[in-house]
Amino acid sequence: MKILVLGGGGREHTICYVLSKSAKLEKLFCTPGNGGISEIADIVEGISVTDFDSVARFCKENKIDLVFPGPEEPLVKGLRDFLEKEGIKVFGPDSVGALIEGSKSFAKEIMDKAGVPTAKFEVFDEPSKAKAYIEKKGAPIVVKADGLCAGKGVFVCETKEEAIKAIEKIMEEKIFGESGNKVVIEEKLVGEEASYIVITDGYNFKALPTSQDHKRLLDNDEGPNTGGMGAYSPTPLIDLELRQKIEKKIIAPVLKTLEKEGHPYLGFLYAGLMIVNKEPYVLEFNCRLGDPEAQVILPRVENDFLEIIETALEGNLDKVELKERKEAAVCVVMASKGYPGKYEKGKKIEGLEKVSQIQDVIVFHAGTKKVNNEFYTNGGRVLGVTALDKDIPSAIEKAYKAVSLIHFEGAHYRKDIGKRVFKYLGSF
Ligand code: AMP
Ligand code: GLY
């Protein structure tokens with residue numbers, strides 16, 4: 001199979017890494033890619049992942065069998081609808097399925113129809129009505145811009161004033177543009193967050209290993225939200241009983257509802273969950289793999305990854321057994337100084353060759369660039385250092401040992417990735 005991966009972050013490096021291990025892979029291309037991806041795939045220059053005409057032209061010229069998008073944006077904008085008309089396969093949902101991430105009100109509507117547990121909510125398209133609702137409901141309360149906002153559209157508000165300000169920013173100042181035409185206002189849930197991602201052919205699904213992201217910039221979950229500063233898998237937060245509950249109450253009914261609406265969902269369905277007293281509630285859905293969750297989930301899948309993707313494309317996912325490696329995985333993200341705000345690029349990265357000697361450590365590149373055989377920083381999140389070991393504590397130790405060998409000016413990373421498990425193991 002000849003595959004074109006779209007994207008250039010740590011998640012896409014991980015996708016390329018597991019695809020490149022498959023005997024079924026004939027040729028791998030990636031756009032825009034990054035320094036690490038350039039070692040295992042041919043980088044395609046000059047194509048934007050949302051320029052579907054150029055993507056289609058490249059696919060035809062290079063006889064690409066499958067396009068594999070990493071991020072949500074091309075899917076929400078209709079990548080699959082467009083390429084399928086051109087006879088090119090895409091591993092991801094059509095533009096209606098992708099609305100599960102692209103529109104929070106659509107996701108809530110589907111959850112309503114499917115009877116999925118989620119925070120109680122209302123949708124508004126007029127700021128005055130949204131504000132009146134906040135006045136009536138009081139705080140704490142959560143305000144969400146309806147459309148895609150690069151992970152910045154959610155305001156968890158502790159006071160009414162904060163919530164009213166959020167409405168003004170989203171609906172009046174339009175800081176997210178059209179994505180703020182509508183808002184979802186919902187009750188605040190208090191619990192523990194986890195990510196539950198399944199791979200599905202629209203009718204059958206297989207759960208990938210469980211994981212937990214660390215969204216805040218600083219240790220002890222302090223500081224601003226980021227794309228994710230690290231992850232680990234599996235999480236003891238989700239035991240077998242909870243897995244079954246999540247699949248029965250959330251995943252299966254959502255897939256059934258999308259199928260009934262005429263849009264069977266192909267690809268990854270990511271449920272961002274809040275676990276409240278051992279009961280799962282959906283905070284959000286994503287139509288893709290998580291980043292950095294992919295960096296701990298995919299290396300823990302024992303199967304040939306491309307074989308699973310092919311089986312899903314054929315609609316035969318019920319025929320495979322997804323095998324999880326026993327080893328746990330921890331990924332520590334190393335970021336540029338200043339991220340998630342402004343940061344400098346072009347810092348030389350040193351120590352990668354030392355880390356390549358350690359067994360079961362994989363350095364997934366995100367914002368990096370390779371110049372004359374040297375790697376330089378080229379983004380906010382720079383590297384995701386993943387370690388596998390017999391259990392989470394050993395994987396934590398191994399990941400941090402690897403991180404200590406890598407240097408670039410201003411490197412920032414959290415020191416407590418994975419350590420939440422100790423809290424859960426105490427209480428579960
Ligand atoms: P979302 O993009 O909808 O997952 O929201 C981003 C983050 O906001 C989540 O990871 C949670 O930390 C927080 N959040 C979203 N919805 C709620 C809610 N209803 N209650 C509490 N926190 C929430
Ligand atoms: N790590 C969170 C996400 O990918 O949405």
Side-chain angles (χ1 to χ4, degrees), residues 7 9-12 14-15 69-73 75-76 98 100-108 111 116-123 137 139-158 162-163 166 170 176 179 183-197 208 210-217 221-233 235 268-276 279-298 331-333 335 340 364 366 380-381 384 414 417 420:
R11 168 183 51 210
E12 289 76 24
T14 315
I15 292 168
E72 64 283 3
E73 200 191 353
L75 288 167
V76 174
I100 199 114
E101 174 165 7
S103 163
K104 294 208 184 274
S105 57
F106 175 84
K108 284 288 199 186
M111 283 191 265
V116 164
T118 183
K120 289 200 193 77
F121 72 101
E122 291 285 339
V123 180
K137 281 279 166 185
I141 197 158
V142 181
V143 178
K144 299 181 172 185
D146 185 53
L148 289 184
C149 302
K152 298 189 180 78
V154 175
F155 296 77
V156 180
C157 306
E158 296 307 324
E162 268 178 67
I170 297 170
F176 305 117
S179 289
V183 289
V184 171
I185 303 181
E186 64 182 38
E187 65 175 348
K188 183 184 168 190
L189 297 173
V190 180
E192 295 287 337
E193 284 185 55
S195 310
Y196 202 79
I197 306 177
L208 290 166
T210 61
S211 62
Q212 204 179 31
D213 185 11
H214 297 59
K215 287 195 172 143
R216 302 291 201 98
L217 181 69
D221 296 325
E222 285 171 8
N225 259 326
T226 69
M229 292 301 293
Y232 71 90
S233 169
T235 174
F268 299 102
L269 180 65
Y270 167 143
L273 304 172
M274 186 73 91
I275 312 297
V276 185
E279 287 297 325
Y281 291 82
V282 176
L283 294 178
E284 64 162 349
F285 282 112
N286 295 320
C287 61
R288 51 167 174 85
L289 283 165
D291 186 341
E293 288 96 324
Q295 288 88 311
V296 290
I297 289 174
L298 297 188
C331 173
V332 178
V333 169
F364 292 117
R381 289 189 289 177
R414 277 179 62 158
I417 302 300
R420 262 186 231 149

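For ligands, and for the atoms within them, numbers begin at 1 and follow the listed sequence. Predicted model only: the values in this text are computed from it and were never measured.
At a threshold of 4.0 Å, the pair Lys215-Asp221 does not count as salt-bridged, since none of the basic side-chain nitrogens sits closer than that to a carboxylate oxygen. Using a 4.0 Å cut-off between charged nitrogen and carboxylate oxygen, Arg216 and Glu222 do not count as a salt-bridge pair.
Contacts between Glu293 and ligand 2 below 4.0 angstrom, taking non-hydrogen atoms only, involve the side chain exclusively.
For ligand 1, the polar-atom distance check finds no N/O of Val154 at less than 3.5 Å from any of the ligand's N/O atoms. Considering backbone and side-chain N/O atoms, Lys188 never comes within less than 3.5 Å of an N/O atom of ligand 1. The shortest N or O to N or O distance between Arg11 and ligand 2 is not below 3.5 Å.
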Practice prompt. Show your working on side-chain contact (heavy atoms from CB on, under 4.5 Å) between Leu208 and Leu289 and close with a plain yes or no.
Written response: CA-CA 10 Å; Leu208 290 166; Leu289 283 165; 4.0 Å; yes
Item to complete: Please test Val143 against Ile170 for side-chain contact (heavy atoms from CB on, under 4.5 Å), starting from the C-alpha separation and ending with a verdict.
Response: CA-CA 9 Å; Val143 178; Ile170 297 170; 3.8 Å; yes
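Protein heavy atom in closest approach to atom 2 (C) of ligand 2: Asp213 OD2, 3.4 Å. Closest to atom 9 (C) of ligand 1 among all protein heavy atoms lies Glu193 OE1, 3.5 Å. Closest to atom 13 (C) of ligand 1 among all protein heavy atoms lies Val156 CG2, 3.8 Å.
Side chain of Asp146 to backbone of Val183: no donor-acceptor contact under 3.5 angstrom is found. Panel note: side chain Thr118, backbone Tyr281; no donor-acceptor pair is recorded below 3.5 Å. At distances below 3.5 Å, not a single donor-acceptor pair connects side-chain atoms of Arg381 with backbone N or O atoms of Pro340.
Within ligand 2, counting atoms from 1 as listed, the ones closer than 4.0 Å to a heavy atom of Arg288 are 3 (C), 4 (O), 5 (O). Proximity to Leu189 (heavy-atom distance under 4.0 Å) selects the following atoms of ligand 1: 18 (C), 19 (N), 20 (N), 21 (C). Annotation for ligand 2: atoms under 4.0 Å from non-hydrogen atoms of Gly290 are 4 (O). In summary, the atoms of ligand 1 found under 4.0 Å from a heavy atom of Lys215, numbered by their order in the structure, are 10 (O). Under a 4.0 Å criterion applied to the non-hydrogen atoms of Asn286, ligand 2 contributes the atoms 5 (O). Those atoms of ligand 1 with a heavy atom of Glu186 less than 4.0 angstrom away are 16 (N), 17 (C), 18 (C), 19 (N). Residue contact check: Lys104 has heavy atoms under 4.0 Å from atoms 1 (P), 2 (O), 3 (O) of ligand 1. Atoms of ligand 2 lying under 4.0 Å from any heavy atom of Gly227, numbered from 1 in the order shown and given with element: 1 (N), 2 (C).
Of the candidates Val276, Asn286, Leu283, the one placing a heavy atom closest to atom 18 (C) of ligand 1 is Leu283. With Lys144, Glu284, Lys152 as candidates, the residue nearest to atom 15 (C) of ligand 1 on a non-hydrogen basis is Lys144.
A donor and an acceptor atom, one from each side chain of Arg420 and Gln212, are located under 3.5 Å apart. Counted by atom type alone, Ser195 and Glu293 present one or more donor-acceptor pairs between their side chains at under 3.5 Å.
Taking the six-membered ring where the residue is Trp, Phe176 and Phe155 present tilted rings, their angle falling between 30° and 60°.
Within the 4.0 Å heavy-atom shell around ligand 2 one does not find Ala231.
Note: Lys104 NZ to Phe285 CZ = 11.0 Å, rounded to the nearest 0.5 Å.
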